[in-house]
There are 2 protein chains.
Amino acid sequence: MLLSTKGRYGLKASLELAFFYGKGPLNLKSISEKYNIPESYLEQLLSKLKKSGYIDTIRGKQGGYLLAKEPKDITVGMILRALEGEITSSDCLKNDKCGEENTCVTRIIFEDIEKSINNIIDNTTLEDMIHKRKQIYKEAH
Amino acid sequence: MLLSTKGRYGLKASLELAFFYGKGPLNLKSISEKYNIPESYLEQLLSKLKKSGYIDTIRGKQGGYLLAKEPKDITVGMILRALEGEITSSDCLKNDKCGEENTCVTRIIFEDIEKSINNIIDNTTLEDMIHKRKQIYKEAH
DNA sequence: TCTAATCTTGACAAAATTAGTAGGGTATTA
DNA sequence: TAATACCCTACTAATTTTGTCAAGATTAGA
């Protein structure tokens with residue numbers, strides 16, 4: 001499994017914020033209920049996204065969360081990495097301790113996989129995803 | 001992390017067997033020592049690969065493990081799936097229970113990722129990897 | 001035939017990671 | 001000033017990964 005619920009939940013929440021971009025803050029409860037995500041858990045995820053600079057918050061009554069940048073300037077990769085750490089195919093790419101960095105063939109295939117994953121997540125923005133959702137919605141109606 | 005040590009260890013061992021294809025069996029210890037994999041652990045992995053039909057075994061003295069098919073007929077995907085189960089990017093693709101299978105955009109990106117991973121592992125055979133290793137070896141000398 | 005080398009099987013356990021829960025604190029505003 | 005909403009830290013439960021262990025079955029070769 002490449003992605004845990006962290007990345008999944010966080011990406012859904014980010015997308016929800018992207019939808020509301022420019023329309024004021026969304027509070028935690030509304031997101032957690034809509035996507036059926038435990039409130040406290042989601043809070044931790046959004047806190048990470050805030051620290052990474054992708055979302056802003058407004059405290060107090062009428063407060064909530066909002067995207068800190070335009071949806072077109074936030075990629076799926078940014079969100080996933082903030083929540084899950086570097087997205088990697090295999091541990092052997094992280095710790096260069098296998099002693100065969102230069103001759104290990106399995107390493108090569110892991111690198112290929114990783115490149116192709118990164119290629120996708122770094123080239124898809126939240127805006128792209130919103131467009132896609134609209135498309136899907138059209139097709140369904 | 002997409003792949004655990006299971007897939008990594010198992011793939012390395014399979015590749016080792018591919019190298020020795022047609023040259024008699026390799027015993028557990030020789031593989032586990034060469035790649036620094038706990039013997040009992042590797043044993044379990046090879047046992048799975050046997051059950052999946054990718055390797056054969058010979059018991060008793062002078063026995064060991066050998067590839068059950070030609071290296072060109074075994075893909076990386078076969079090995080990885082036998083050891084790790086279906087290679088998937090996100091749980092939401094397995095259990096179709098999110099209730100939004102048809103309108104969920106995050107799902108689409110997870111599917112894209114998964115396709116690209118499968119594309120790589122299903123189109124690389126053990127033979128391909130042996131060729132690559134030979135290439136690497138040449139370059140290094 | 002005996003023995004050492006091998007694989008076979010299943011149960012168990014330690015460690016790490018994931019997925020939460022809980023609760024008190026702080027800021028804002030109506 | 002009370003209600004709303006984010007903030008922060010610690011704890012816990014569940015799951016998965018990564019092994020360990022021990023008793024057995026099979027075979028080659030002395």
Side-chain angles (χ1 to χ4, degrees), chain A residues 1-13 17 20 24-33 35-52 54-68 80 83-88 90-92 94-95, chain B residues 1-13 17 20 24-33 35-52 54-68 80 83-88 90-92 94-95:
Chain A
M1 189 81 47
L2 184 70
L3 301 168
S4 68
T5 57
K6 282 181 214 155
R8 211 160 79 231
Y9 290 167
L11 191 54
K12 285 197 177 192
L17 295 180
F20 268 74
L26 276 182
N27 68 37
L28 183 64
K29 202 171 185 182
S30 72
I31 306 177
S32 83
E33 281 181 348
Y35 292 104
N36 207 23
I37 303 170
E39 217 172 307
S40 281
Y41 193 39
L42 180 57
E43 198 173 11
Q44 293 170 42
L45 305 179
L46 293 181
S47 163
K48 275 195 182 180
L49 292 178
K50 181 183 180 179
K51 275 173 190 152
S52 301
Y54 304 127
I55 67 183
D56 283 335
T57 55
I58 299 177
R59 293 173 80 158
K61 225 170 173 179
Q62 312 294 335
Y65 297 86
L66 14 78
L67 226 54
L80 295 182
L83 296 169
E84 309 244 13
E86 196 57 32
I87 304 302
T88 178
S90 161
D91 249 341
C92 78
K94 279 193 164 176
N95 19 335
Chain B
M1 189 78 49
L2 183 71
L3 301 168
S4 69
T5 56
K6 280 181 219 156
R8 210 159 80 233
Y9 290 166
L11 191 54
K12 284 196 178 192
L17 295 180
F20 268 74
L26 276 182
N27 68 36
L28 183 63
K29 202 170 185 182
S30 72
I31 305 176
S32 82
E33 280 180 349
Y35 293 105
N36 206 23
I37 302 169
E39 215 174 307
S40 282
Y41 192 38
L42 180 58
E43 202 169 10
Q44 289 171 44
L45 305 180
L46 294 182
S47 162
K48 275 193 182 180
L49 292 178
K50 180 182 181 181
K51 275 173 190 153
S52 300
Y54 304 126
I55 68 183
D56 283 335
T57 54
I58 297 175
R59 294 172 81 160
K61 222 170 176 178
Q62 312 294 333
Y65 298 88
L66 15 77
L67 227 52
L80 295 182
L83 296 168
E84 310 243 14
E86 195 57 31
I87 304 301
T88 177
S90 161
D91 250 340
C92 79
K94 278 193 167 178
N95 19 336

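Just so it is clear: chains get the letters A, B, ... in the order the sequence lines come, proteins before strands, and each one is counted from 1.
Projected onto DNA chain C by closest heavy-atom contact, A:Gly60 and A:Gln44 fall at different nucleotides, the more 5' of which corresponds to A:Gln44.
Using a 4.0 Å heavy-atom distance criterion, A:Leu28 is classed as a sugar-phosphate-only contact. Contact annotation for A:Lys6: backbone-only contact, meaning every heavy-atom pair under 4.0 Å involves sugar-phosphate atoms and none involves a base. Contacts of B:Ile58 with the nucleic acid, taken as non-hydrogen atoms under 4.0 Å apart, involve only primed sugar atoms and P, OP1 or OP2. As judged by a 4.0 angstrom heavy-atom cut-off over every strand, B:Ser40 is placed among the base-contacting residues. Residue contacts for A:Leu26: at a heavy-atom cut-off of 4.0 Å it reaches the sugar-phosphate backbone alone, with no base atom in range.
Atom P of nucleotide C:dG20 and atom CG of A:Leu45 are separated by 10 Å, given to the nearest angstrom. Between the CE atom of B:Met1 and the P atom of C:dT18 there is a distance of 9 Å, rounded to whole Å. When rounded to the nearest whole Å, the span between CG of B:Asp91 and P of C:dG20 equals 11 Å. The separation between B:Ile31 atom CD1 and C:dT6 atom P is 12 Å, rounded to whole Å. Distance, B:Lys48 NZ to D:dT18 C1': 12 Å, rounded to whole Å. Summarising the geometry, the separation between CG on A:Asn36 and C1' on C:dA19 is reported as 14 Å, rounded to the nearest angstrom. Atom CD1 in A:Ile37 sits roughly 17 Å away from atom P in C:dT18 (whole-Å rounding). The distance from atom CG of B:Leu46 to atom P of C:dT6 is 15 Å, rounded to the nearest whole Å.
A:Lys50 has a side-chain polar atom (N or O) that falls below the 4.0 Å cut-off from OP1 or OP2 of D:dC7. Listed pair A:Thr5 / C:dT18 fails the phosphate criterion, with no side-chain N or O lying under 4.0 Å from OP1 or OP2. A:Ser4 has no side-chain polar atom (N or O) that falls below the 4.0 Å cut-off from OP1 or OP2 of C:dT17. Of the side-chain N and O atoms in A:Ser47, none sit less than 4.0 angstrom from OP1 or OP2 of D:dC6. Dashed line: the shortest gap from a side-chain N or O of A:Thr57 to OP1 or OP2 of D:dA5 is not under 4.0 Å. Proximity of B:Tyr9 to the phosphate of D:dT18: no side-chain N or O atom is located under 4.0 Å from OP1 or OP2.
Counting only heavy atoms from C-beta on, B:Asn27 has its side chain closest to C:dT6 among C:dT6, D:dC6, D:dA10. Nearest nucleotide to the side chain of B:Tyr41, out of D:dC8, C:dA30, D:dT18: D:dT18. Across C:dG20, C:dT28, D:dT27, the shortest atom-to-atom separation from the side chain of A:Lys61 is found for C:dT28. Residue A:Tyr65 places its side chain closer to D:dC7 than to any other of D:dC7, D:dG19, C:dT21.
Without hydrogens or angle criteria, A:Glu39 side chain to A:Leu28 main chain gives no donor-acceptor distance under 3.5 Å. For A:Ser52 (side chain) and A:Tyr54 (main-chain N/O), no donor-acceptor pair under 3.5 Å exists by modelled atom type. Under the 3.5 Å distance criterion, the side-chain polar atoms of B:Glu84 are matched with a main-chain donor or acceptor of B:Ser4.
Taken from OH in A:Tyr41 to CD in A:Gln44, the straight-line distance is 7.5 Å, to the nearest 0.5 Å. Note that CG of B:Leu66 is 8.5 Å distant from CD1 of B:Ile55, once rounded to the nearest 0.5 Å.
The environment of CZ in B:Phe20 is sparse: at most 12 heavy-atom neighbours from other residues, nucleotides or ligands sit within 6.0 Å.
Residue B:Arg59 places no side-chain atom within donor-acceptor reach of the base of D:dT27, judged by atom type and a 3.5 Å distance cut-off alone.
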